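Counting starts at 1 for both ligands and their atoms, following the listed order. What you see is a predicted model, and the numbers here were worked out from it, not measured in a lab. Hydrogens, waters and symmetry mates are skipped; everything else that's a heavy atom, side chains included, is used.
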Amino acid sequence: MKVYKFGGASVKNAEGVRNLKEIVAHAGDDLMVVISAMGKTTNALERLVEALSKHDEQTAENEWLALLDSHVHTAMQLGLRPNEDIRFPMMPEYDHTCSYDHNYDQIVSLGEIMSTQIVAVFLLKSGIPTEWWNMPKLLRTDATYREAQVDMLTSAQVIRAGWDRPNRPKVVVAQGFIGGTADGYRTTLGREGSDYTAALMGNFLDAESVTIWKDVPGILNADPRLVANTVKIDRLTYYDAVELAYSGAQVIHPKTIRPLENKSIPLYVKPFGDYTAPGSVIAAEADPINVPVYIWRTNQVLITLRAKDFSFVLEESLTHIFNIIHQNRLKVSLIQSSAVTISVCVDNSRFVQPAIEQLKEAYRVVWNKGLSLLTIRGTSHEILQREQEGRDIMLSQITRRTAKLVIKD
Ligand code: ASP
Ligand code: MG
């Protein structure tokens, strides 16, 4: 069996869904198809939750109607009859007795529920034996809403049992990004988490391979929107892939690699528009990457700490500092230290300010927002000179092959 994952851009409209069907129809194998929400649905649902939380019913309703309209439109273009072939959800409600994050997960998960229903019914109507799976009942997680941790053992058991059923159709369509708690609430795994779901499915079902279908020819050495003359990397190792994903390369979610590496399952990244193209493959072995790789991670905050009592931060306070960082769910992209200071670069998020306030209790804290982290793997003296020129560099970390520059936007 194989796992195919299709992101939001690949299923953003009826044409995308038809193309998905072509790819699925040509696969030959039994398929687990993992799908994200259509287009920018998740962003729209986030706005909806935000509006509901502030009792702004009008904005919420407008968002919902626009969203519903585009899903109904897509379904109809695919020849499906709303309310007969597909039952769309009602406008979600916000439970003000529960946390924001709890509400977020109950509502934002509707994007994947809707997209998978449309795709599953369409495949079935196109003559492909297909089954729709409801992941909140199958992928068991804890109740860390918006960043739920998967219970690997329970999920593997349940999902394997479902897959190994004697009369299972050849194709299963399942939501990426969402799961559920033991007491029946929906959870989400963190933004862009569908790749991770696909990797977990590959791991649980001992897939021959996992393929992520994207609107790129494969894994490139840089973002073509930012750098001219990009080249495709045909083959890379799990190790390189993790480093790339962690540095901020948008191709795959950083959590995707581990479940696959653990079972030596190759991960293909292939262009959605041309299913015969080879794309890129991530596997245990590959030649060293022989082009410099540029990765931009934007919206960074550089936080520098110094102990108020001038103690040696590194020796005495590291655990304390990183506990605070961890508790506040900050995503660290770089660490640098001197005798009495430590600097960490983190992704900007709603968690940053509370963390800073907490750190201020014991440290002198200075921070800068509006930064980008440029990682260059396979760097050289010339490249470094060129990239530093004319830029306001706040911090740099340079080893023989890799350079990390924190740059003021
Ligand atoms: N739909 C979710 C998001 O946009 C998950 C995903 O696309 O992977 O974050
Ligand atoms: Mg998405």
Glu192 N/O under 3.5 Å from ligand 1 N/O: yes
Is the backbone N or O of Trp163 less than 3.5 Å from a side-chain atom of Arg168, with the two atoms forming a donor-acceptor pair by type? yes
Please list, in number order, the atoms of ligand 1 under 4.0 Å from a heavy atom of Glu112. 1 (N), 2 (C), 5 (C)
Check each atom of ligand 1 against the heavy atoms of Arg191 and keep those under 4.0 Å away; list them by number with element. 3 (C), 4 (O), 9 (O)
I'd like to know if the side chain of Asn203 reaches the main chain of Ala199, judged simply by a donor and an acceptor atom lying under 3.5 Å from each other, with no hydrogens or angles considered. no
Pick from Pro136, Ser194, Ser36: which one makes a side-chain contact (heavy atoms from CB on, under 4.5 Å) with Gln175? Pro136
Can you tell me how far OG1 of Thr187 sits from CG of Asp142, rounded to the nearest 0.5 angstrom? 7.5 Å
Any nitrogen or oxygen of Asp195, side chain or backbone, less than 3.5 Å from one on ligand 1? no
Does any N or O in the side chain of Ser337 come within less than 3.5 Å of the main-chain N or O of Ile342, such that one atom is a donor and the other an acceptor? no
Counting heavy atoms only, which part of Ser36 comes closer than 4.0 Å to ligand 1: side chain, backbone, both or neither? side chain
So, does Gly8 sit close enough to ligand 1 that a heavy atom of it is under 4.0 Å from the ligand? no
Residues Glu46, Arg191; criterion salt bridge (charged side-chain N to carboxylate O under 4.0 Å, His left out); working and verdict: CA-CA 11 Å; Glu46 283 189 340; Arg191 285 302 306 264; 3.1 Å; yes
Which ligand 1 atoms, with their elements, are less than 4.0 angstrom from a heavy-atom of Thr42? 1 (N), 2 (C), 3 (C), 4 (O)
Can you list the atoms of ligand 1 that are under 4.0 Å from a heavy atom of Phe177? 2 (C), 5 (C)
